[in-house]
Amino acid sequence: MSIQSPKLAIISPCHNEGMVLEATTSSLVRVIRGLQERGLAAEGSFILYVDDGSLDNTWNMISELASEYSGLVRGLRLSRRFGHQEALLAGMESAVGDSDICVTIDADLQDDVEVIPEMVRLYVEGADIVYGVRKDRSSDSWFKRTTARWFYGTMHSLGAECVANHADFRLMSSRAVADLLEYGERNLFLRGLVPLLGYRQESVEYERKERAGGESKYPFLRMLDFAVGGITSFSVRPVRMLFWIGLAFMLTALGIGVYVLIRHFTGETIEGWTSLMLSIWFCTGILLMGLGIIGEYIGKIYIEVKRRPRYRISDRL
């Protein structure tokens, strides 16, 4: 098969997305057929939905759509909810042997499907990875914009390669996907792993839309957990920072010790209760924070060494 007409797999993880799947499928089928008419996608291109332990009618909808769009829609059903990143990986692993390029996109229609042809065009011109990057975050709340800037800034300062304002809307060639699957870690953070692959990488900008229906699968606490997981998966600098914080406290303690001795030998009284209490609380807070950071890394080691499967597939369409 020539590179001018690659076989395209559009992979979409789903968790309780039954109410939007019909509209999502209609949009994605239109994109695939448009690409085929232009000679940018081969016959046999398909949409692969990965049901990540949905509790609504998501799997029934996928089954109906697979019957309605015979050959165009496929489905994977995970045995329980494993997580968004694991569902993406399951879809890519399933599709890589039967496609030339994979596009990953969420099922909620917030990512703009109209830029997929531009992604495919860049692949035809030689790119192995094409990121979908948001033009701006004006549709987000002030809090979400601020925390997003903090997250990407922190990732950059800790030395992790991470494309700003990019989620998991991207195109990858089959060889890039095959290389990604060689990474065996259980603590998945694909936004950090994909840039490590190298190859030619490009970006396309798009406007992010409102959800077509359903609820966000990333409330604040889940986003916070995702951010902490991403940071600790790609940098040991937080642990190293503890050493420098400890050193700074030792030097401070030395200075306070000299000050206390001088006051003692000059016969001056030191009240000290307030400063003592503040010191105890502050130092205890630093120690507990340090233990928490170390515990996060130890927890990740614990998960990795058990080598449990990253997901289980219960049904295929």
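The first residue of the sequence shown is numbered 1, and numbering continues consecutively from there.
- No more than 12 heavy atoms of other residues, nucleotides or ligands shown are found within 6.0 angstrom of CZ on Arg312.
- The only option from Gln201, Arg200, Arg175 that meets the side chain to side chain donor-acceptor pair (under 3.5 Å) definition with Asp128 turns out to be Arg175.
- A salt bridge links Arg74 with Asp98: at least one charged nitrogen is closer than 4.0 Å to a carboxylate oxygen.
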After noting the C-alpha distance and the side-chain angles of Arg30 and Glu114, does the key distance pass the salt bridge (charged side-chain N to carboxylate O under 4.0 Å, His left out) rule?
CA-CA 10 Å; Arg30 177 173 47 80; Glu114 302 303 327; 3.0 Å; yes

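- Closest approach of Asn16 to Ser54, counting heavy atoms only: N-OG, 2.8 Å.
- Of all heavy-atom pairs spanning Ser45 and Pro6, the tightest one is OG-O, 4.1 Å.
- Side-chain contact check for Asp179 and Tyr199: at least one donor-acceptor pair (N or O, by modelled atom type) lies under 3.5 Å.
- Considering only heavy atoms from C-beta on, Thr104 comes within 4.5 Å of Met92 through its side chain.
- Taking CG from Leu48 and SG from Cys102, the interatomic distance works out to 8.5 Å, rounded to the nearest 0.5 Å.
- Between the side chain of Ser12 and the backbone N or O of Ile105 there is at least one donor-acceptor pair closer than 3.5 Å.
- Side-chain contact check for Leu8 versus Leu40: every heavy-atom pair is 4.5 Å or farther apart.
- Side-chain contact check for Glu68 versus Val73: every heavy-atom pair is 4.5 Å or farther apart.
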Can you list the steps and then say if Tyr183 with Leu89 is a side-chain contact (heavy atoms from CB on, under 4.5 Å)?
CA-CA 11 Å; Tyr183 288 82; Leu89 197 75; over 6 Å; no

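- Here Cys14 contributes atom SG and Leu76 contributes atom CG; the two are 10.5 Å apart, rounded to the nearest 0.5 Å.
- Here the shortest heavy-atom pairing between Ala90 and Leu78 reads CB-CD2, 4.1 Å.
- With 3.5 Å as the limit, one finds a donor-acceptor pair spanning the side chains of Tyr49 and Thr25.
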side-chain contact (heavy atoms from CB on, under 4.5 Å) between His84 and Asp106, worked out:
CA-CA 9 Å; His84 181 264; Asp106 289 342; 2.8 Å; yes

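- Taken from CE in Met172 to CD1 in Ile11, the straight-line distance is 9.5 Å, to the nearest 0.5 Å.
- Put simply, CG on Leu65 and CG on Leu21 are 6.5 Å apart, with the number rounded to the nearest 0.5 Å.
- Here the closest non-hydrogen pair linking Leu122 and Glu202 is CD1-CB, 4.0 Å.
- Note that NE2 of His15 and CG of Asp56 are 8.0 Å apart. Values are rounded to the nearest 0.5 Å.
- Here the side chain of Thr58 pairs a donor or acceptor atom with the backbone of Glu17 at under 3.5 angstrom.
- Across Tyr206 and Gln110, no two heavy atoms sit closer than the pair CE1-O, 4.3 Å.
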Go through the steps for Phe169 and Arg134 under the test side-chain contact (heavy atoms from CB on, under 4.5 Å), then give the verdict.
CA-CA 10 Å; Phe169 180 31; Arg134 295 177 62 174; over 6 Å; no

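- A salt bridge is defined here as a Lys NZ or Arg NE, NH1 or NH2 lying under 4.0 Å from an Asp or Glu carboxylate O, and Arg121 with Glu125 meets this definition.
- For the atom pair Met61 CE and Thr24 OG1, the distance stands at 9.5 Å (nearest 0.5 Å).
- Closest approach of Gly75 to Ile62, counting heavy atoms only: CA-CG2, 3.9 Å.
- Each of Ile47, Leu28, Ile32 was checked for a side-chain contact (heavy atoms from CB on, under 4.5 Å) with Leu72, and the lone residue meeting it is Ile32.
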When you look at Ile313 and Glu93, which way does the side-chain contact (heavy atoms from CB on, under 4.5 Å) test go after all the steps?
CA-CA 12 Å; Ile313 297 172; Glu93 192 160 11; over 6 Å; no

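- Residue Glu22 places its CD atom among 12 or fewer non-hydrogen atoms of other residues, nucleotides or ligands, all under 6.0 Å distant.
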